[in-house]
Each structure stands twice: as structure tokens, then as C-alpha cells.
Amino acid sequence: MFKKRLYGIAFIVLLPLPLSAANVSVLVAETGLLEGVPPFAISSIWEGILLDVFFEGGHIVSNAPVIRLPSFPDKELPGEAVSDFYEAAGGGAEYFVLVILDYSRLKMDGRQKQPDASLRLFKIRPYKMIYKLQADLSKEKAINEDFALIKRQIERLTAYINE
């Protein structure tokens with residue numbers, strides 16, 4: 001009997017607390033690569049870290065496959081990403097994260113380097129880009145430093161969710 005009362009009190013106390021979980025959809029886009037060049041492993045690493053950061057932040061997260069852009073986009077939401085944006089909106093996402101990895105400045109000499117990265121956070125309804133960050137990560141570093149740097153850049157986005 002005591003346990004039932006305790007559960008009832010806990011339920012009543014916790015019920016009015018707002019849940020901070022947001023539904024977030026992420027998309028990684030590559031640009032600056034020659035036609036026929038397979039996707040770079042670092043693009044998958046970015047995607048994995050994106051998913052991890054938002055999931056660890058308590059959000060519901062989904063993703064679309066990495067896409068290839070012919071050039072760095074002039075628009076905040078490039079045409080190639082629009083269908084993924086609408087698919088995310090149709091699936092109930094509240095936020096859309098687009099990361100554009102620009103490989104055009106990298107020398108194709110086999111060394112592990114980071115591409116330039118543009119991180120963009122969109123509110124789906126009403127449509128609005130709420131955060132944009134241009135990060136130059138192309139300097140050579142130890143790979144574990146790269147992972148920490150990528151994670152810090154992505155964590156900056158989470159502060160703008162559910163403001």
C-alpha cells in the first residue's frame with residue numbers, strides 16, 4: 001500500500017514537469033569531391049557524432065543518408081536537401097540539422113584531415129534557420145583531437161534547441 005502511494009505521489013509531482021526532448025533530424029552533405037569519389041569516412045564519423053550528441057542530450061534523433069552536393073550552396077537550405085527537410089517535417093521532427101562538409105580545400109594526398117564544416121540548425125515549424133556556424137577544421141591534428149573538436153562544435157547546436 002505504501003509503494004502505491006509513493007508511486008502516485010511521484011507521478012503527480014513529475015507529471016507537470018515539461019519534457020525537454022525534441023525530435024531532431026540530421027543530414028550530412030559532402031561537397032568539393034570529384035564525381036565518382038566514394039564518400040569519405042570522416043562524413044560517417046560526423047554523422048555518428050551528430051547522432052550521439054543529440055541522443056545523449058535526451059533528444060529523439062533520426063537521420064537521412066549522406067548526400068553529395070555539386071558545389072558549396074549559396075542558399076541556407078540547398079535544393080538537394082529540401083526533400084530530406086520535408087521528410088523530416090512529415091515524420092514529426094521539430095528541428096533539422098544540416099552539416100555541409102566541404103572537401104575542396106583538402107589535398108588528396110592520403111593524410112587524414114578535416115574538411116571545412118558548415119553547421120546549420122533549422123526550426124521546422126515555423127521555418128527558420130536559428131543557428132549557423134562555419135568551422136575550419138582542416139588543420140592536421142591527432143585523430144582523437146579531431147573527434148573532440150567535432151563533438152564540441154556539434155554541442156554548440158544543442159543550446160539552441162527548445163529555447
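- With sequence neighbours excluded, the residues forming a salt bridge (charged side-chain N to carboxylate O under 4.0 Å, His left out) with Arg68 are Glu30, listed by chain and number.
- One finds the CD1 atom of Ile100 at 8.0 Å from the OG1 atom of Thr31 (value rounded to the nearest 0.5 Å).
- Val97 and Leu27 are assigned to two separate hydrophobic clusters, defined by single-linkage of ILVMFWY side chains at heavy-atom distances under 4.5 Å.
- Between Ile42 and Tyr103 the shortest heavy-atom distance is CG2-OH, 2.7 Å.
- Hydrophobic clustering (side-chain heavy atoms under 4.5 Å, transitive across Ile, Leu, Val, Met, Phe, Trp, Tyr) groups Leu157 together with Ile49.
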For this session: Walk me through it: do Glu94 and Ile124 pass the test side-chain contact (heavy atoms from CB on, under 4.5 Å)?
Result: CA-CA 5 Å; Glu94 301 163 76; Ile124 291 182; 5.9 Å; no

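- When every heavy atom of Ser43 is checked against every heavy atom of Val28, the shortest pair comes out as O-CG1, 4.1 Å.
- By the salt bridge (charged side-chain N to carboxylate O under 4.0 Å, His left out) test, Glu80 is found to be paired with no residue, residues two or more places apart in sequence or in another chain being considered.
- Between Ser62 and Leu51 the shortest heavy-atom distance is O-CD2, 4.1 Å.
- In this view, Phe96 and Phe85 satisfy the ring pair (Phe, Tyr, Trp, His ring centres under 6.0 Å) rule, not counting sequence neighbours.
- In this structure, Phe122 is a member of the same hydrophobic cluster as Ile67, with clusters built from ILVMFWY side-chain heavy atoms closer than 4.5 Å.
- Heavy-atom minimum distance, Ile161 versus Ala22: CG2-CB, 3.6 Å.
- Among all heavy-atom pairs drawn from Ala21 and Gly58, the shortest one is CB-O, 3.0 Å.
- Ile154 and Ile60 are assigned to two separate hydrophobic clusters, defined by single-linkage of ILVMFWY side chains at heavy-atom distances under 4.5 Å.
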For this session: Applying side-chain contact (heavy atoms from CB on, under 4.5 Å), run through Val66 and Trp46 and close with a yes or a no.
Result: CA-CA 10 Å; Val66 175; Trp46 267 88; over 6 Å; no

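- For Glu155, there are no side-chain hydrogen bond (donor to acceptor under 3.5 Å, both in side chains) partners at least two apart in sequence or on another chain.
- The same ILVMFWY cluster, assembled from side-chain heavy atoms under 4.5 Å apart, contains both Val53 and Leu133.
- Heavy-atom minimum distance, Asp102 versus Gly32: OD1-CA, 4.1 Å.
- Applying the salt bridge (Lys or Arg N to Asp or Glu O under 4.0 Å) definition to pairs two or more places apart or across chains, those involving residues 47-64 are Glu56-Lys151.
- Within a 6.0 Å sphere centred on CZ of Phe72, heavy atoms belonging to other residues, nucleotides or ligands number more than 12.
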Problem set entry | Pair Val99-Val26, side-chain contact (heavy atoms from CB on, under 4.5 Å): steps then yes or no | CA-CA 8 Å; Val99 175; Val26 300; over 6 Å; no

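- When side chains are defined from C-beta on, Asp84 does not count as touching Ser25, because their heavy atoms never get closer than 4.5 Å.
- Sorted by first and then second residue, the side-chain hydrogen bond (donor to acceptor under 3.5 Å, both in side chains) pairs with a member in residues 123-132 read Glu76-Tyr127; sequence neighbours excluded.
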